[in-house]
Amino acid sequence: MPLDALAVGNDAIADVLDEIGDLIELKGENVFRAVTYRAAARSIRDLREPLTKLVAEKRLREIPRVGPAVAEAIEQLVTTGTSKRYAELQAAVPPGLLTLLRVPGVGPATARIIYDNLKITTIEELEEAARDHRLQQLPKIQAKTEENILRSIAALKQRTGRSLLHEARAAADEMVAYLRERTGLERIAIAGSLRRYRETIGDVDLVVASDAAAPIMAAFVAAPTVERILAQGDTKSSVVVGRGLQIDLRVVSPSAYGAALLYFTGSKEHNVRLRGIALRRKLLLNEYGLYRVGAEARGQEIASATEEDVYAALEMDWIPPELREDRGEIDAAREHRLPTLVRVSDIRGDLHTHTNWTDGRDPLVDMARRAKAKGYAYLAVTDHSPGLGMTNGLSPERIAARMTEAAKLNAELAPFRILVGTEVDIRANGKLDYPDEILARFDIVSASVHSSFAQTREQMTARVTGAMRHPLVTAVSHPTGRLLEKREPHAIDLDALIAAATQTGTWIEVNGGPERLDLPDTWIRKAIDHGATLVLNSDAHAIEELEWMDLAAGTARRGWASVTPIANARGLDAMLASRKKRP
DNA sequence: GCCGTTTTCGGCCCGACTGTTTTCAGTCG
């Protein structure tokens, strides 16, 4: 696809490099070349500067995994929208082969066989050929493979994308509870991206420690939520449950539990780095343990029972799962300089919640009691302003009634404290949806965008940073406006927001709503680096959604956040005192 | 195609499961 040469972002370039990797593999070139392009793509996604800047300053080679060839491709992509290498590959690889790769179970070899014989280039044609049993007439493909391809296509159509964190968590918890009840398993853990609090989840990984795998496997594939069994082996099985979500289960002996947990928690990139480090010490790291090379066959492991043992044997501190992305955590662990990450138990209160007075479900009294029961010292209720027609935003009269209600509840719940705040809409023209005299009555003012998402990057940036410069605005909420798997982030200059946050003392929210998780983790890290203050919020619209603070905290940990930059990890007085100066 | 506490050349993480195999290739995570 041709790129708009004027508007290419880092992610778009990274996508092309990934595609170049796929094309190289399809063409049958050295696979390590493909691996290199994909590694470079990943480095670019982690980059905290625009590629356009690096190109202009001739600094592309500073990026890890970017050498002469990849740098040339990037420079051409940034300046012209395509590259010589990319164009050559596109010409050499029949269009459509890439499409076939999207079908699980179909890799480069199978795609090539199918294309060479049947000239199939779309999923629809592939499905038709499978239905007509034309695939099983091809070499290396028989009835079983054809059947699996059909099933994969059906799953592909049913599947809308990756699962949101809370959905995957619910499915995992249900399976864990079922397995605990049905079998006498000793230990079971959720591993994978769910344990790492990734913002969306591809599939769920479960690790079980037990010397008797067979009955656990049997129970797993027979679970009531299972819709389809993908694989069933002695120690490893995969199933699909509702909404196309895949769950993998691995059973290992209790002595290998730590190594297995480490292995299945990932990320893949983190594991690859660890194994490389092990190899340089003539050690082999796999899911069963850490061995001297050659000793693994005799089962003489150096470490395997706990994750701590394995990390320690590699001379590093235990690394929290949220950091395991090969983004510097391994070096930090070797040098004993990993941060102490923020936990939900550090959070003293929630500063972004809604009630049934606008678009929430539950009354203030229930929200407050639940927050108090969670151990919070305070809760800000931040119902909407009137500009959002559908949410029944609060009029001045209803704000007064809310203040009275809160005062009464505060007397009852003391020392717990309800703060009356607002989530005030930032209108398309940048004006706030309440006049200053009303804003001044609130304890907390969080400003956010809910309309005119299609504005230009410049307009949107000015709109939000303008609100941040308003003296009565405490925080800015969900600054990118993204809805995971649903709506892309709007165009906005997050660097400018971080700069405005640092200059004005306005807080930036980390929203725990599972479809927002906004600010994204890489920008959290950047905001912290620049000295911005963050606030972790649930954006709860019902009492049980107050638990979404867990997702905000997990996302903040992925951004390497300790308690220091978090406003609501402070007690009530310290939190209020750290708001920017109000007139 | 990249990279160096083993290296400027020769590696590049490792193993389970499936299907079509009679010893292994392909795919996945």
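Residue numbering restarts at 1 for every chain, and letters A, B, ... go by the order of the sequence lines. Not measured: the values here are computed from a predicted model.
- Rounded to whole Å, the distance from CD1 on A:Ile149 to P on B:dG19 is 12 Å.
- Across the C1' atoms, B:dA16 and B:dG11 are found 25 Å apart, a figure rounded to whole Å.
- Residue contacts shown for A:Ile24 are absent, as no nucleic acid heavy atom lies under 4.0 Å away.
- Taking the C1' atoms as reference points, B:dT7 lies 13 Å from B:dC12, given to the whole Å.
- Closest to the A:Val70 side chain, of the nucleotides B:dC2, B:dT6, B:dC14, is B:dC2.
- Both the sub-6.0 Å distance and the 45° axial angle are not jointly satisfied by A:Arg250 relative to the ring of A:Phe264.
- Comparing the P positions of B:dC28 and B:dT23 gives an interatomic distance of 25 Å, to the nearest angstrom.
- Within the structure, every side-chain polar atom (N or O) of A:Gln142 is placed at least 4.0 Å from both OP1 and OP2 of B:dT18.
- Of the options A:Arg38, A:Arg112, A:Arg33, a salt bridge (charged side-chain N to carboxylate O under 4.0 Å, His left out) to A:Glu25 is made by A:Arg38 and by none of the others.
- Between B:dA25 and B:dT20, the distance separating the two P atoms is 16 Å to the nearest Å.
- Using a distance-only test at 3.5 Å, with no hydrogens or angles considered, no donor-acceptor pair links the side chain of A:Glu57 to the main chain of A:Leu54.
- When heavy atoms are screened at a 4.0 angstrom cut-off, A:Leu285 is found touching the sugar-phosphate backbone but no base atom.
- Straight-line distance from the CG atom of A:Leu60 to the C1' atom of B:dG1: 16 Å, rounded to whole Å.
- Across all strands, A:Arg85 comes closer than 4.0 Å only to sugar-phosphate atoms, never to a base (heavy-atom distances).
- Considering CG of A:Asp11 and CG of A:Leu51, their distance stands at 9.5 Å, rounded to 0.5 Å.
- A residue-by-residue look at A:Gln232 and A:Phe32 shows that A:Phe32 has its nearest nucleotide of DNA chain B further toward the 5' end.
- In this structure, A:Tyr291 atom OH and B:dC14 atom P are separated by 13 Å, rounded to whole Å.
- Remark: the backbone N or O of A:Ala219 is paired with a side-chain donor or acceptor of A:Tyr178 at under 3.5 angstrom.
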Counting primed atoms, P, OP1 and OP2 as sugar-phosphate and everything else as base, the B/S/- map of nucleotides 23-29 of chain B against protein heavy atoms under 4.0 Å is ---SSSB
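- Atoms CD (A:Glu269) and P (B:dC14) sit 16 Å apart, rounded to a whole Å.
- A:Arg250 comes within 4.0 angstrom of the backbone, heavy atoms only, and of no base.
- Side-chain nitrogen and oxygen atoms of A:Thr145 include none within less than 4.0 Å of the OP1 or OP2 phosphate oxygen of B:dT18.
- Taking atom CZ of A:Arg65 as the reference point, atom P of B:dG1 lies 13 Å away to the nearest angstrom.
- Partners of A:Ser238 according to the side chain to side chain donor-acceptor pair (under 3.5 Å) rule, which considers only residues two or more places apart in sequence or in another chain, are A:Asp248.
- B:dT8 sits 14 Å from B:dG1 when the C1' atoms are compared, rounded to a whole Å.
- Across the strands present, B:dT27 finds its partner in B:dA16; the criterion is a Watson-Crick or G-U wobble pair with both atom distances under 3.5 angstrom.
- Put simply, the side chain of A:Glu287 never gets that close to the backbone of A:Tyr263: no donor and acceptor are under 3.5 Å apart.
- Whole-Å rounding puts the A:Arg42 CZ to B:dC2 P distance at 18 Å.
- One P atom belongs to B:dT21, the other to B:dG29, and the distance between them is 24 Å to the nearest Å.
- Checking the phosphate oxygens (OP1, OP2) of B:dC14, no side-chain nitrogen or oxygen of A:Asn271 falls inside 4.0 Å.
- Going from the P atom of B:dC9 to that of B:dG15 covers 30 Å, rounded to whole Å.
- Between the C1' atom of B:dC12 and the CG atom of A:Asn30 lies a distance of 9 Å, rounded to the nearest Å.
- With a 6.0 Å radius and a threshold of 12 heavy atoms from other residues, nucleotides or ligands, A:Arg228 has its CZ atom above the threshold.
- The distance between atom CD1 of A:Ile229 and atom P of B:dG19, rounded to the nearest whole Å, is 13 Å.
- If you check every strand for non-hydrogen atoms under 4.0 Å, A:Arg33 touches a base.
- The side-chain tip of A:Lys119 points at the ring of A:Tyr115 from less than 6.0 angstrom away and within 45° of straight on.
- Residue whose closest nucleotide on DNA chain B sits further toward the 5' end, between A:Thr235 and A:Ala143: A:Thr235.
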